[in-house]
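Predicted, not measured: the structure shown is a model, and the values here were computed from it.
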Amino acid sequence: MVTTEETTVPTHVRLSLAHAAVQTLADDHGIDLLHVKGLALDPTLVWEGRTSSDVDVLVRPAHVRPLLQLLGAHGWKVITSFEAGSAFEHSTTLWHDQWEHLDLHRTFPGIDRDPSRAFDLLWRERGEARIAGVACAVPSVPAQALVLLLHAARAAGDARARRDVEHVWDAATPERRTEIARLVEELGAKVAFSVILGELESHRSEPEYALWKVWSTGGTRIDEWRARVKAAPTLGRKARVALRSVLVNVEHLELVRHRPVTRTEIVVEFFARPVRGMREELQRRRPDRGTQR
Amino acid sequence: MSPTLRLPERIGVIEASDDEGDVVYAASLPDGPIVVLRDSALTIWQEAVMPTGDLGIVERVAALYGVSVVEVREAVDACVADLLAQGVLEVASPG
């Protein structure tokens, strides 16, 4: 029996084929990209029972625009832009009716080295993983481990992230730790990685300290916006971040409501958003509430 | 004479097995769709991409199931046409 029924396809199958589909496009058009996390992980970095829900690729920054055009021509739709994605503006999320979610990264939070040079370094040491029979480019195993750990560093209190750290760092051999530490130096990932080592406080003077503090321990929206302004490298960027803090993220609103939003809804959200932030701040300051979000 | 069939170069394939038995998920890349192959469709696809003899595909499938060529020809031809249309099989030579 031949079927093309979507409901009969398990998630890991769909994701594997999505990796293969994106790699095929990249191969056809000379796009450099590395498959990171999820099903592209080296088996030694995966603990039993770990599952994946999307496909992540890190793209050579100069190839991001052509790849986005290609993806668009092949049925992928952007559902969250770089600007709307996260404090780091590091990734955009796309959707395809066959392959589902793709997170396209142009950089990785925690890596402070210039994105093109960081990619060069990871690309130079790349390996290969066969996914659905297709040879996919992946970072070296220590680099895969570092990416996983940097991701865990900004997942405050997340049980899955904690298990990743236990498996990938706590249980790592001294040799593997040395390799990861070398990459931390070369990629400029000291502040973010200090979260994993429990040494973030020794980086209090760094501009990005506040942001990693919020990400790694939790905080209110206002905390996060303050940290984002502080971490922005130039006055212009600080002003841009501050301005965005009061604007409504229309893409996000449409994403959570699963439909286009009206002008009225945007206006309502414009007023509701600061109120939510204020409530969170007040909640945090209540004497009977010991811990932050 | 039947055309020679083969696995396309741009294809993703995952072999698995579940409660219903062996299954192959195949997709023409980079656009899909994902094709789920089970039972006789799986047998026909496997015979097409990894022939187990010199006979034509209809004859091989008939032999595997222990039935006559006449009985399976229509079904096999229809299945092959479907697999070709979905891009998980291609014609190597016109035969």
(message) With a sphere of 6.0 Å drawn around CD of B/E9, does it hold more than 12 non-hydrogen atoms of other residues, nucleotides or ligands?
(response) no
(message) Please check if the number of heavy atoms outside A/E166 that lie under 6.0 Å from its CD is greater than 12.
(response) yes
(message) Is there a side-chain contact (heavy atoms from CB on, under 4.5 Å) between A/Q98 and B/I34? Walk through the geometry before answering.
(response) CA-CA 7 Å; A/Q98 286 289 326; B/I34 301 173; 3.5 Å; yes
(message) If you compare all heavy atoms of A/W99 against all heavy atoms of B/D31, which two are closest, and at what distance to 0.1 Å?
(response) CZ2-C, 3.6 Å
(request) Under 4.5 Å heavy-atom distance to chain B, tell me which part of A/H19 shows up: side chain, backbone, both or neither. (result) neither
(request) Measure A/D27 against the heavy atoms of chain B and call it side chain, backbone, both or neither at under 4.5 Å. (result) neither
(request) Give the member of A/V22, A/L25, A/T24 that has the highest number of heavy-atom pairs under 4.5 Å with chain B. (result) A/T24
(request) Heavy atoms only: give me the nearest A/S16-B/I14 pair and the separation to one decimal. (result) CB-CD1, 3.4 Å
(request) Measure across B/L29 and A/A20 and return the closest heavy-atom pair with its distance rounded to 0.1 Å. (result) CD1-CB, 3.7 Å
(request) Taking all non-hydrogen atoms of both residues into account, name the closest pair between A/V9 and B/Y25 and its distance. (result) CA-CE2, 4.2 Å
(message) Within a 6.0 Å radius of atom CZ on A/R50, are there more than 12 heavy atoms belonging to other residues, nucleotides or ligands?
(response) yes
(message) Taking atom CZ as the centre, does A/R177 end up with more than 12 heavy-atom neighbours from other residues, nucleotides or ligands that are less than 6.0 angstrom away?
(response) yes
(message) Using every non-hydrogen atom in the two residues, find where A/V134 and B/I11 come nearest and quote the distance to one decimal.
(response) CG2-O, 3.9 Å
(request) Would you please name every residue forming a side chain to side chain donor-acceptor pair (under 3.5 Å) with B/Q46, sequence neighbours left out? (result) none
(message) Applying ring pair (Phe, Tyr, Trp, His ring centres under 6.0 Å) as the test, list every pair that has at least one member in residues 113-136 of chain A; sequence neighbours left out.
(response) A/F119-A/W123
